[in-house]
Every structure is written in C-alpha cells, then in structure tokens.
Amino acid sequence: MDRGTDRAEQGTATVPAEPGRVPLAVVVVDRDGLVSHWSRGARRLFGTPKEEAIGRTALDLLPVSGALPEEQDTPYAACDALGPDLESSLDGGLSYPAAGRARLTAPGDGRVDVLWWAYPLVGPGPERLLVLAADADGLRSGDGAFERIAPGFALHTDFPGSEDLARRLPEILPSMSVGESARIVGQILELGYPILEFSQNDRVPVTPDWGVARRAERKARRERAARALAAGEPVPEELRDEGEDLEYAAVRERLEFLNEVSGRIGTSLDLSRTIIEVSRAVVPRFTDVAGTYLREQVVAGEEFADGVPDTTTMWHRVAVEHTDEPGRWDDVVPVGEAMPFPAHTPFFQCMTSGEPVLVPRISEEMGHAIAAQFEKRDIRPLITGRSMLVVPLKARNVVLGFMILLRHPERPVFNDMDRVTGAELAARAGLVLDNARMYTFQENVAETLQDSMLPHIPPRMAGCDIATRYLPGTLLGRVGGDWFDAVKLHGGRTAFVVGDVMGHGLNSAAMMGQLRTAVQTMAGLDLPPAQLLRNLDDLAQRLGDTYLATCLYAVYDPIASELHLANAGHIPPVLVRAADGRSELLDLPTGAPIGVGGVPFEAVRVRVEPGDRLVMCTDGLVEVRGEDIGVGLATLCESAAHPAASMDDACDTIIRALNTRGGRKDDVALLMARLGGIEPDDVAEWRLALDPAEVNRARAAVREQLHAWGLPKLVAPAELMVGELVTNAVRHSHARPVELRLVRGDTLLCEVDDDDHELPTLLNASPLDEAGRGLRVVSTLSREWGTSRTKTGKTVWFELTLPRR
C-alpha cells in the first residue's frame, strides 16, 4: 500500500507515516564459518567491502557487543547478542531461528543499534546460516515504536541454494506459503532490500518506494556515474554503488544480446543462410550498418593455405545489412563484389592481427583513404563521421573474413565494451560460419566422390535405352554403398548391374568402388552371370570379413531377345511387358549376399520382346522401417507399369510413388532399360571354312551387304579390316569354321569368331616384320575394337560409326 492508511484506519497496525525501503544486510555463512555471501546492505551496515568479506570468518566481521537495555518481544527465540548466538549456530548448538537487538561497534562512528535474524540452514549444500540485519534507527517511525518486526522478501534470484532456502522458509517464517517464501528468498539473496513488516497483530507490508525525490536524486547520481564510465574515468567514491549498478546492467545487457545472437545464428548449415543470419543479428540493436566479407575460398567451400592474409587476398562482400533508406548502399557496395584491401586500411589491420579495430569517428582523411578502393564510386558520404568497429570472423585461429560495423553519427560511438562485445560476437559467428564452410566443403567432396564412383551411362546402348537415378539416404550422407552400371559387351550385348554394399559412409563407398570396378573387369571378360558373382564373392572374402553386399547382374542380348540373370541376395527386378503393360517381379534364385562365401549362384534366362522394360533398384527404394517390404515391391510393380512419355519420366514416376511414403533412410539406386532389340534384317552372318581363299569371299560378302544396307562409305574400311581379321582367324583356328557377323545398330559392328583361345595383342610392327600389322590397321581405322574369350574360343570385333543421313 502507498502509505498504509487502510490498515491504520482499521486500527490493526502501527505503520510509519511515510513508507520507506530500508537497506538490509544479508550474510550467508558456510559450514566452516566463512562468509559466502555479503550483500550491499551488509557493506553499508558493517562497513566492509564485499571483496574483503567473502571467505573471511563470520565472527570477525560481525563484532557485536552486549545487549541493548530495551527489551523486545519476538516470535522467535530472542538473544541479546549476535556474536555468541552466531557461534552457537555454527557449532550446531542452535537448531531454530533466532532474532534480537544488538549494538554494533562501527569504526569511527560509535555504536549503531542493529536488529538481526539468524536462520540455521540444513541440507546438502555448503550454506549453514543465513543472517539478516538492519539499522534499528531506520525502522523507527516518528515517535512510535515497533514491537514486532519480521523480514519479508520479493522476486527471483539465481543465488546458489535459493531453491533449498525457499523450501525451508515456511519453517523459518511460520504461516508463510512456499510461494511467498520463494519471493522472500528472491529479494534477500539478489537485492538485499526486503519488504519490512511493522505489526502488533497483523502483517502490514511497507511499499518499497523511495519516493519521487529519492528517485530523482538516484537518477542524477546514475547519470554522473554513467558519464564517468563512458569517459573511461574512475567513478567517484560517493557514486561507486551507482557505477557498480550501471556496470552490472551493461554487462547483463551485453550477455543478453550475445545470447540472443547465438540463438538466431547457426540454424542451418547452409553457408548463404548463415551469412544472412549473422548480418541481421546485429542490425539495428548493436549497429546501424553491417558489411560482411569472406575469403574467396570460404565462399566457394574450398580449402585454403594456412597463414596470414596479405594484400593480394581477395575478399568477397557477401552481405550488407543497414537501417538507411532502401537502395542507398546497393549501388556503391553491391553484394558479390570481390576486392583486396591495402595495408594502410583498418580492414587489413583487423584481418592480419585477428583483433578488432575500433575507430571512434571516421575522419575526412580516413574516409578518403577507404573510398580510394572503390573505383568510380564515392563511398565517403556513407561512412564519414560514423563510428566504426571492424571485427574478425575467425575459427581455430584462422581468419575467415571480417565484419565492418558502422553507427550513425547521432548514435553513441563504439567504446571498449562494444569492442569486447563485437569480438565475442565475431568469435561465435566465426565458428558458425566455419561449420557451414566445412559442411559445404565436405558436401562438395562427397558429391565429387559420388560422381567419380557412379558411372555416367549413355542414354542409348546397343538395342536398348537406359535411364538411372541415385538418391542419397540423408542430406548429411551423400556418399553411400549403392551403385548401378551398364557395361558394353561384344555381340551387341549389354550387362546391367545394381548392387548395395551393407552400411553407409565412406567405408561403404570405398567398398562399392572396388566391387564396381571388379564387376566391370569381369564383365569385359564376358564371364557368365553366375560365374561373375562367384568370382565377386571370392574377391569380397579376400578383401575382408566386413565386405558384404547384394548384387543383381543381367546380360541383355538384343539379337537373341533374351535376358540372362543371376542374383546375390538382391531384391528381384521388375519386367514390364510392352504387349499388355503388365508388370511382374522376375522369379530368380535369390542366392546369398556377396561376401558370405560357400554358396552357389544360379542363372536363369528370360525371353523378352522389343519394348519390354527392365527395372532394377536397391532395397532403399522399396523398404521402409516398420512396413513389410512386400508393400514397397507391389508399389514398385504398379508404378513401373504406369505409361510414360520417356524413360526419364518413367523413372520419376517410380521415385514419386515410392519416395513420398516417408521413413526412407537408405540410399537409392534405380536403373531402367527399355529393351528395343535388333531386327533380324539388321544382322548378317557367314560361316567360313579354314581356307585362305575364304578371305576374298568374306570381303565380297561384306561389300555386298553394306551396299544393301545403304552404307557404301563404310565399304572400304570394313572390307580391309574384315580381310585382316579373317586371315588371322583362318591361320590360327584348329577345327571349327570361322564365323563372321555384321550387325547394324547405332554403329556398324563386325565380329570374327574362331576356336583359338589365345587372345591377340597389339604390337609395334617394323617395316620389315611380316606379322603384327593386322591389329594395327584395325586399331587405326575403327571407332572401337576389342577381344574376348568365349566357351569355344575367342571373338575379335570392331565398330565403325554410321554416316549421318
């Protein structure tokens, strides 16, 4: 209440005519009898600064002598002197609250009458005793005398042990609730200024109000202390309390600002977004303009050499945030510009020293020096007269960039506390930016590694169209163990492979790379599917016990219109029939995963028709945690059969159908092939006897067929190379006739088969050598050529590019 008039009129209490707020001394003593808390009120009452009181023996700081002659009726156990009772409390002899009046011997001031309260504290913490004391003269009201006085308190505190005190105050102060006791503890421990009660019968709160005059006086004292602090001068002794209050408020505001900034930045690992968050966090609360510059390599997400930046280091302006009118800064200092900074500028000093640089006011001379860096643009009107603080953005002692902070001329200049705040802000922002930079760098590395390991398959191969998709399992794990491939084989055939290494991360990716390379090598040797998986399993066991993977391998023969497939623990492929649009999971022997060892692999042959589509994928596409994989496989079959305008559209349809179910954490590899086949009219075959005269027959047959196909431009090179290959085949064959085949597809393919198992090699033939020139001619004239073993011998082949029509 303002003056306590309501209670006074009711006659229930005697209250002061003028309500007041009386400083209260608050002292906490630990179990060793040492002071652990000493409030400002204690400093005023006992005359000892906090720095000297903390850690000293409580009995030495509370020199109470004798009892006052007046008697006092209290609801507590009354004691005449504080000293003996304090000693008794610390020794454990006092287990209940005590209160009393005593006389304090104050150096130089005679004696002071003191009211005191002592509360023994019990609990696991180090606090043993809470002592409250007040100047008795300050509690008097006119001629009236008080009979009973009890301390009351206000709001929260962060003092250690306050929660325990709050729980025990109902015992200390009878008829007080837990909520009231919490408020009591709050003001005692945080402020030392309680609400006091004067009462004979009831509790009558005295409003904590110093009055208008006192408030005006305190405001004036604070302003004087603030001017001294701002000027860097010592605060006068009579203003020391106000100066401490101002310093405390400033520090608290600084910490609140830094905590707020920390909460606003680093919400994403995206470098661009992080830069914007850092810039917007300081404008307008801390500064009016914030320009952020980063090293060129930081912006690109690249590594850079250690060492101090120099005058050749390029700095990218990545953000400019300001409170000026829109567009004022955009033309003069556009975002995205890169520039170096000369040695005489404060920016160079900041980035080379790694320390903040404070310029209270940018002079005309400095403004001219800074503006010299901006060709054909006058930046002086934007910066001259403003206060500037340049803070480095660094992490792990490496300067990543810096921020230029400017305040309007009418705003207080940056001071030393702002310099400290700016340095702390930049340190936090630097770590956030470095995390985003490292993430961007790692992401680039992962993408590069993934691109290098995943093949770039052409959309068209012999007799088929191909489309693929790869999806990483998570945004943070862009490298996985899933892979796909399409390998060109002789005879116009194509091998399709999809595999999935168990596990995630770089180890799985490295194993995937090894297995993929092995599959490519063995496919080039034209190993049958079951034998290829057998060899791959042996390799995985030699590489280590942890090498486990599933693999599906299929060979498509567009001439025979046939698929030859083998499976090693992988999910089966889907075949979509062109005739009726029906899709089905191919029933294959499952087999064991690669790396298990000792398990046979079986292959099956499936007849296909032109236009059929083969869909192969890893289990990450169809498997969702908590859901039966059969649901995913059914969705795969349904979405694969959906009509699509192109192969890419067909892949996207499958991804949309299966990737939107949620819960997917694994990588996804998808390969789709439309099996177009090669028409019989585009294939010509001949069997040649083991007679040198057959060479001329072969040349004539090729010449005639190419004219029939409308390819006269290919007659000369094809006739020459066929003659060389047939000559070698006739010479080295043992018993079986030589077979010659021409295939017209995307290229002109020529194959010569014989029963000799020794593969020919390309030699450097001299002018006098009689042998070795045949393959040299083939290598020179053909688009591509190769050799491979077959069950009955070998095949030597070459391709020629079809002329444009």
Can you see whether Ser733 engages Asp756 through a side-chain donor-acceptor pair at a distance of less than 3.5 angstrom? no
Side-chain heavy-atom pair Asp526, Arg493 within 4.5 angstrom cut-off: yes
Would Arg534 and Asp538 count as a salt bridge (Lys or Arg N to Asp or Glu O under 4.0 Å) if you check the C-alpha gap in whole Å, the side-chain angles of each, and the deciding distance to 0.1 Å? CA-CA 6 Å; Arg534 173 76 276 144; Asp538 294 340; 3.6 Å; yes
Tell me, with the steps shown, if Asp310 and Thr312 meet side-chain hydrogen bond (donor to acceptor under 3.5 Å, both in side chains). CA-CA 5 Å; Asp310 54 33; Thr312 63; 2.5 Å; yes
Do you know which two heavy atoms are closest between Asp485 and Leu671, and how far apart they sit? O-CD1, 3.6 Å
Side chain to side chain contact (heavy atoms under 4.5 Å, CB included), paired with Trp797, selected from Leu725, Val778, Leu749: Leu749
Would you name the heavy atoms of Asp557 and Ile559 that are closest together and state the gap between them? OD1-N, 3.0 Å
Enclosure of Gln531 CD (heavy-atom neighbours >12, cutoff 6.0 Å): yes
State, to 0.1 Å, how close Tyr553 and Leu533 come at their nearest heavy-atom pair, and which atoms those are. CB-CD2, 4.3 Å
Give a yes or no on whether Glu704 atom CD has more than 12 heavy-atom contacts from other residues, nucleotides or ligands under 6.0 Å away. no
Do other residues, nucleotides or ligands put more than 12 heavy atoms under 6.0 Å from the NE2 atom of His642? no
Pro712 side chain reached by His707 side chain, heavy atoms, under 4.5 Å: yes
In sequence, state the C-alpha distance, the side-chain angles, and the governing distance for Asn567 and Thr590, and then conclude on side-chain hydrogen bond (donor to acceptor under 3.5 Å, both in side chains). CA-CA 6 Å; Asn567 190 7; Thr590 303; 5.1 Å; no
Nearest heavy-atom neighbours spanning Val487 and Met461: C-CE, 4.2 Å
Could you tell me whether Asp580 atom CG has more than 12 heavy atoms of other residues or ligands within 6.0 Å of it? yes
CD (Glu602) with more than 12 external heavy atoms under 6.0 Å: no
Flag yes if more than 12 heavy atoms outside Glu679 fall under 6.0 Å of its CD atom; otherwise flag no. no
When you measure from the side chain of Asp465 to the backbone of Arg674, do you find a donor-acceptor pair of N or O atoms at a distance under 3.5 Å? no
Please examine the side chains of Leu802 and Leu714, heavy atoms only from C-beta on, and report whether any two atoms are closer than 4.5 Å. yes
Before accepting this row, confirm whether a basic side-chain N of the pair Arg469/Asp652 lies closer than 4.0 Å to the acidic partner's carboxylate O. yes
Indicate the atoms forming the closest heavy-atom contact of Phe798 with Val722, along with that distance. CZ-CG2, 4.1 Å
Looking at Asp754 and Arg736, is any side-chain nitrogen of the basic one under 4.0 Å from a carboxylate oxygen of the acidic one? no
Do Cys750 and Leu742 have side chains that get closer than 4.5 Å, going by heavy atoms? yes
